Amino acid sequence: MTNEAIAKVVDQKKGTTAVNIHFKQRTTITGIFVKAHDYADLKAKNLWRIVTEKHMDTWKRTQDIAVAKIFNGADFTKLVEATQIKI
């Protein structure tokens, strides 16, 4: 996916809604996009900081950026809102 298409979804969700992220060559993950201090730089390179479902509890408690992972948006195929996950 392009960084513009991903940014549109990220801006709509405002970091509070979990999203199912489908990839070309790996399994789907569920997580939230994080807008950190380097968001603009990463966005320009189509890289995205995401807190996965596995680390969601830690993120809620600490807001520690270290629990987020960076993913390449070129590997995304589809972003779908995950209705079963509450942030």
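No experiment lies behind these values; they were computed from the predicted model shown.
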Does some side-chain heavy atom of Trp48 sit less than 4.5 Å from a side-chain heavy atom of Lys69? no

Distance-minimising heavy-atom pair for Lys43 and Ala7: CE-CB, 3.6 Å

Are Leu47 and Ile21 linked, directly or through intermediate hydrophobic residues, by side-chain heavy-atom contacts shorter than 4.5 Å (ILVMFWY only)? no

Under a 3.5 Å distance rule, please check whether Lys24 uses its side chain to pair with a backbone N or O of Ala74 as donor and acceptor. yes

Answer yes if Val67 and Ile32 sit in the same cluster of Ile, Leu, Val, Met, Phe, Trp and Tyr residues linked by side chain heavy atoms under 4.5 Å apart, and no otherwise. yes

Could you tell me whether the side chains of His22 and Thr28 share a donor-acceptor contact shorter than 3.5 Å? yes

I need the His55 NE2 to Asp64 CG distance, nearest 0.5 Å. 11.0 Å

Answer yes or no on whether Lys35 is positioned over the face of Tyr39, meaning its NZ or CZ is under 6.0 Å from the six-membered ring centre and within 45° of the axis. yes

Can you find a heavy atom in the side chain of Asn20 that is under 4.5 Å from one in the side chain of Glu81? no

Distance in Å, Asp57 CG paired with Lys60 NZ, rounded so as to fall on 0.5 Å steps: 5.5 Å

Is Val51 linked to Ile65 within one hydrophobic cluster, defined over Ile, Leu, Val, Met, Phe, Trp and Tyr using a side-chain heavy-atom separation of less than 4.5 Å? yes

Could you state whether Met1 and Leu42 fall into the same hydrophobic cluster, counting links through intermediate Ile, Leu, Val, Met, Phe, Trp or Tyr residues with side-chain heavy atoms under 4.5 angstrom apart? no

Dump the intermediate steps for side-chain contact (heavy atoms from CB on, under 4.5 Å) on Phe33 and Thr17, then the final yes or no. CA-CA 9 Å; Phe33 288 86; Thr17 304; over 6 Å; no

Under the side chain to side chain contact (heavy atoms under 4.5 Å, CB included) test against Ile6, which residue among Thr2, Asn3, Val10 passes? Val10

In terms of relative ring orientation, are Phe76 and Phe23 parallel, tilted or perpendicular, with 30° and 60° separating the classes? perpendicular

NZ of Lys8 to CG of Leu79, rounded to nearest 0.5 Å, is 12.0 Å

